Amino acid sequence: MTLANQTNEPAQQFGTEGIKPMGRPSAVTRFFMSVVAFAERLNLKFSKVGNPPIYDKAVFPWAKEIEKEWPAIRAELDKVLTRKDELPGFHELATDVSTISQDRGWKTFLLSGYGFKSENNIRQCPETWRICQKIPGLITVMFSIFEPNKHLPPHRGPYNGVLRLHLGLIVPEPREKLGIRVETETYRWKEGEAVIFDDAFEHEAWNNTDKVRVVLFVDFRKPLRFPANLLNWLLLNVAVFTPFIREGMDNQKAWEKKFYEEAEALRNR
């Protein structure tokens, strides 16, 4: 993997050809997205850490602490995967994801996201939750599960005020058959190794092996200078009231109710 030179960074595109925008046509959403467009340009200008597609982990010293404790996260993941077939497809929770994935080849187990906390799921993974508290500006924590031969087509994330971490937990061989491309750079996951990237660049991911790939998927606030940091904080706190976040929360709650009721029924047999 070659890391981007932060003094010669590629230009970030505001939209991805061939993928419809992840938005809703309501007046509230249109207004919100107009503010987001303004904030994205501000975020590029006032970044404390540059704007490369893939970061040098040395920029985030806490990343080593996350990597050190990866066996504890993996142990909790193994318990979650005993019911893997019951886990939701990502698009079943966040319907906007259906623009890039319509099958259950991309599953998720969510601990938190944009102000929502799954207390049930956190109880299943207390060590994972504890370890993730070391990440400044934590927004989203989940396990991201790619079934064999799953491919996400080129797309960009909805907002560049956050950065993403993937921590390899289950990475099948051969590693040459799976990876993630961010802009022009390709990274191949490795168990116990973290990669930090900006998903607002075009990216795609694939698992062309015959086994499951799992990463810890974390979003956190991008380090910014004033005034971008203030607007970014406001937007990320307001996001919980937008239709697509609220719908995702409702879908998550409905899935959890069924998932844990079934578990209780099995215990009482």
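Fair warning: this is a prediction, and the values are worked out from it, not measured in the lab.
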Rounded to the nearest 0.5 Å, the CZ atom of R213 sits from the NE2 atom of H166 at a distance of 6.5 Å

S98 (side chain) donor-acceptor with T95 (main chain) under 3.5 angstrom:
yes

Report the distance from atom CG of D210 to atom CG of N149, rounding to the nearest 0.5 Å.
8.0 Å

Counting only N and O atoms by type, is there a donor-acceptor contact under 3.5 Å from the side chain of N207 to the main-chain atoms of K211?
yes

Taking all non-hydrogen atoms of both residues into account, name the closest pair between Y114 and A239 and its distance.
CD2-CB, 4.0 Å

Hey, does the side chain of E173 reach the backbone of R175 with a donor-acceptor pair shorter than 3.5 angstrom?
yes

So, does Y159 use its side chain to make a donor-acceptor pair with the main chain of L236 at under 3.5 Å?
no

Are K150 and D103 ion-paired here, with the side-chain N under 4.0 Å from a carboxylate O?
yes

In this structure, would V240 and L231 fall into the same cluster of hydrophobic residues linked by side-chain contacts under 4.5 Å?
yes

Least distance between heavy atoms, G113 atom then T140 atom
CA-OG1, 3.8 Å

Shortest non-hydrogen pair, D198 vs V182, comes out as O-CG1, 3.9 Å

So with a 6.0 Å cut-off around NZ of K64, is the heavy-atom count from everything else above 12?
no

Residues, nucleotides or ligands: over 12 heavy atoms within 6.0 Å of W233 CH2:
no

Under 3.5 Å, is there a donor on one side chain and an acceptor on the other for S118 and N120?
no

Identify whether V238 and L224 are in the same connected component of the hydrophobic contact network (ILVMFWY, side-chain heavy atoms under 4.5 Å).
no

Could you check whether any side-chain N or O of E67 sits under 3.5 Å from a backbone N or O of A194, counting only pairs where one atom can act as donor and the other as acceptor?
yes

Looking only at non-hydrogen atoms, find the nearest pair between F60 and P223 and report the distance.
CE2-CG, 4.1 Å

Using a strict cut-off of less than 4.0 Å between a Lys/Arg side-chain nitrogen and an Asp/Glu carboxylate oxygen, indicate whether R246 and D250 qualify as a salt bridge.
no

K257 meets the salt bridge (charged side-chain N to carboxylate O under 4.0 Å, His left out) criterion, sequence neighbours left out, with E261

Tell me whether E191 contacts the main-chain N or O of V171 through its side chain, where contact means a donor paired with an acceptor under 3.5 Å.
yes

Hey, any chance V80 and V218 share a hydrophobic cluster, counting ILVMFWY side chains that come within less than 4.5 Å of each other, even indirectly?
yes

Does the distance from a Lys or Arg side-chain N to an Asp or Glu carboxylate O, for E202 and R181, drop under 4.0 Å?
yes

Spell out, yes or no, whether I122 and L87 are grouped together once hydrophobic residues are joined by side-chain heavy atoms under 4.5 Å, including indirect joins.
yes

Under a 4.5 Å cut-off applied to non-hydrogen side-chain atoms, are C125 and L111 in contact?
yes

Under-4.0 Å salt bridge between K79 and E76
no

Can you tell me how far the CG atom of N251 sits from the CD atom of E92, to the nearest 0.5 Å?
9.0 Å

State whether a side-chain donor-acceptor pair under 3.5 Å links E204 with H151.
yes

Derivation and outcome, side-chain contact (heavy atoms from CB on, under 4.5 Å), residues E65 and K68
CA-CA 5 Å; E65 295 300 311; K68 256 189 240 180; 3.2 Å; yes

Distance col, row Y260:OH vs N121:CG, nearest 0.5 angstrom, shows 3.5 Å

Salt bridge R156-E40, side-chain N to carboxylate O under 4.0 Å
yes

Rounded distance (nearest 0.5 Å) linking atom OG1 of T128 with atom CD of Q133:
11.0 Å

I would like to know whether L165 and Y55 meet side-chain contact (heavy atoms from CB on, under 4.5 Å); could you show each step before the answer?
CA-CA 10 Å; L165 174 143; Y55 282 86; over 6 Å; no

Short side-chain to backbone donor-acceptor contact, N232 and G161, under 3.5 Å:
yes

Starting at CG of L167, measure out to CD of E69 and round the result to the nearest 0.5 Å.
11.0 Å

State which residue, out of W106, W255, F143, fulfils the ring-ring contact (aromatic ring centres under 6.0 Å, His included) condition with F90.
W106

Of all heavy-atom pairs linking P158 and D199, the shortest is CD-OD2, 4.4 Å

Checking H91 side chain against D96 main chain: does a donor-acceptor pair fall under 3.5 Å?
no

Set of residues satisfying salt bridge (charged side-chain N to carboxylate O under 4.0 Å, His left out) with respect to R225, sequence neighbours excluded
none

Assess whether a salt bridge exists between E147 and K84, defined as any Lys/Arg side-chain N lying under 4.0 Å from an Asp/Glu carboxylate O.
yes

Hey, is the main chain of V162 close enough, under 3.5 Å, to the side chain of R221 for a donor-acceptor pair?
no

Without swapping roles, check the side chain of S47 against the backbone of L44 for a donor-acceptor pair under 3.5 Å.
no

Starting from the C-alpha separation in whole Å, work towards a yes-or-no answer on side-chain contact (heavy atoms from CB on, under 4.5 Å) for R41 and K45.
CA-CA 7 Å; R41 287 167 173 83; K45 183 178 179 181; over 6 Å; no

Could you tell me which non-hydrogen atom of L169 sits nearest to which non-hydrogen atom of W70, and how far apart they are?
O-CZ3, 3.7 Å

Could you walk me through whether F197 and L163 pass the side-chain contact (heavy atoms from CB on, under 4.5 Å) test, one step at a time?
CA-CA 6 Å; F197 62 97; L163 298 177; over 6 Å; no

Indicate if L235 and F241 have the same hydrophobic cluster label, given that clusters are the connected sets of ILVMFWY residues with side-chain heavy-atom separations under 4.5 angstrom.
yes

